[in-house]
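Just follow the structure's listing: the first ligand is 1, and inside any ligand the first atom is 1. Note that this is a predicted model, so its numbers are computed, not measured.
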Amino acid sequence: MSRIFYLNGRYLSRSEANISVEDRGFLFGDGVYEVIEIHRGALIDEVRHCERLDRSLAELRIDWPMGQAPFARVLREVIVRNKVENGFLYIEVTRGVAPREHVFPNPGVRPSLLISAKSVDRQKSEITAQKGIRVISLPDLRWKRVDIKTINLLPNVLAKQAAKEEGASEAWLVDEDGLVTEGAASNAWIVDQEGTIHTHPVDHSILRGITRTTLIDIIASRGWRLKERRFSLSEAYAAREAFITGALSLVMPVVNIDGNDIGAGVPGPVSTELRRIFHDMAIRTH
Ligand code: PLP
């Protein structure tokens, strides 16, 4: 089935959905994005994703491209037109189309909006989760405001490619103090030998993952111990378990970091249980 894209007010086929050569997203990476999981036809944590989009837009002083109620309707229409049962929505907003000049267009222009939906093979990711993934570590070369979900992803792209070339699925990024910030496209977590779960605190050096936020609620509801603190690579190597979170990876066990097996080198009980219960606890909207 050919995919349908919503672009600036119209539902278009792949070949019709073209952006301008003067779009500031294309020229400067001047835009933001969101990825929302679709699970059994429902959106997972839609409100939190829309709130984060709102914050990203505000931080970059880009206007909402449309009202929030029609926006919510378009999200659903894109899912229906693409017949997606399990998959994700991709939303991108750029500052719009204007002759190339670094400063904001004056007078302002209408932001560009792209929304697409794609199916994923859920069974394939379950098989991956049963085996767990390998991760490599790399220096975190990103700018100092990665809390804003911008489309500027060059360091992330390079890190993911390096991971792939080493037979790994994700790269954990390490700051100048030798501490893990997050993954190239996910948040990073460990479970220490006492069973306490650790993840980087929210500041400007990580993206506040929506999956992360929801998982913190789930961990609290279970009464499990969580510390939002920075951890080192050597703590990660010595951990009982490690995992990543993201709207696409959900909770994905990490079984090896930089060639070091984590725990027994197989997915541990904490990450496996958190993955199992994630969809029951996350907020779904139809
Ligand atoms: N950190 C980075 C750098 C990401 O790109 C992502 C997801 O794309 C995440 C964390 C996880 O965020 P979320 O759980 O909202 O998907």
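- Nearest protein heavy-atom neighbour of atom 13 (P) of ligand 1: I210 N, 3.5 Å.
- Using a 4.0 Å cut-off between charged side-chain N and carboxylate O, R134 and D258 make no salt bridge.
- Taking the six-membered ring where the residue is Trp, W64 and F71 present perpendicular rings, their angle passing 60° and hence far from 30°.
- Heavy-atom contacts of N187 reach the following atoms of ligand 1: 10 (C), 11 (C) (cutoff under 4.0 Å).
- In summary, the atoms of ligand 1 found under 4.0 Å from a heavy atom of G246, numbered by their order in the structure, are 11 (C), 14 (O), 16 (O).
- For ligand 1, none of its N or O atoms has an N or O atom of V35 under 3.5 Å away.
- Taking CD from E85 and CZ from R40, the interatomic distance works out to 9.0 Å, rounded to the nearest 0.5 Å.
- A salt bridge does not link E126 with R122: every distance from a Lys NZ or Arg NE/NH1/NH2 to an Asp or Glu carboxylate oxygen is 4.0 Å or more.
- At a 3.5 angstrom cut-off on N or O pairs, E182 counts as close to ligand 1.
- Interface of G183 with ligand 1, defined as ligand atoms under 4.0 Å from a residue heavy atom, comprises 3 (C).
- At least one heavy atom of K149 sits less than 4.0 Å from an atom of ligand 1.
- In terms of protein heavy-atom proximity, atom 12 (O) of ligand 1 is closest to G209 CA, 3.3 Å.
- D192 is listed as a side-chain neighbour of H198, based on a closest heavy-atom distance under 4.5 Å.
- The existence of a salt bridge linking R230 and E235 is excluded, since no basic side-chain nitrogen approaches an acidic carboxylate oxygen closer than 4.0 Å.
- K160 places a side-chain N or O within 3.5 Å of a backbone atom of S169 that can act as its donor or acceptor partner.
- Rounded to the nearest 0.5 Å, atoms CG (L248) and OG (S125) are 9.5 Å apart.
- Of the candidates S249, A185, P155, the one placing a heavy atom closest to atom 7 (C) of ligand 1 is A185.
- Set against the non-hydrogen atoms of S186, the atoms of ligand 1 under 4.0 Å away are 1 (N), 2 (C), 4 (C), 6 (C), 9 (C), 10 (C).
- Set against the non-hydrogen atoms of A247, the atoms of ligand 1 under 4.0 Å away are 13 (P), 14 (O), 16 (O).
- Using a cut-off of 4.0 Å between Lys/Arg side-chain N and Asp/Glu carboxylate O, K149 and E34 are scored as not salt-bridged.
- Between R52 and ligand 1, a contact under 3.5 Å exists for at least one N or O pair.
- Polar contact check, T211 against ligand 1: a nitrogen or oxygen pair lies under 3.5 Å apart.
- Near T245, with a cut-off below 4.0 Å to any heavy atom, the atoms of ligand 1 are 11 (C).
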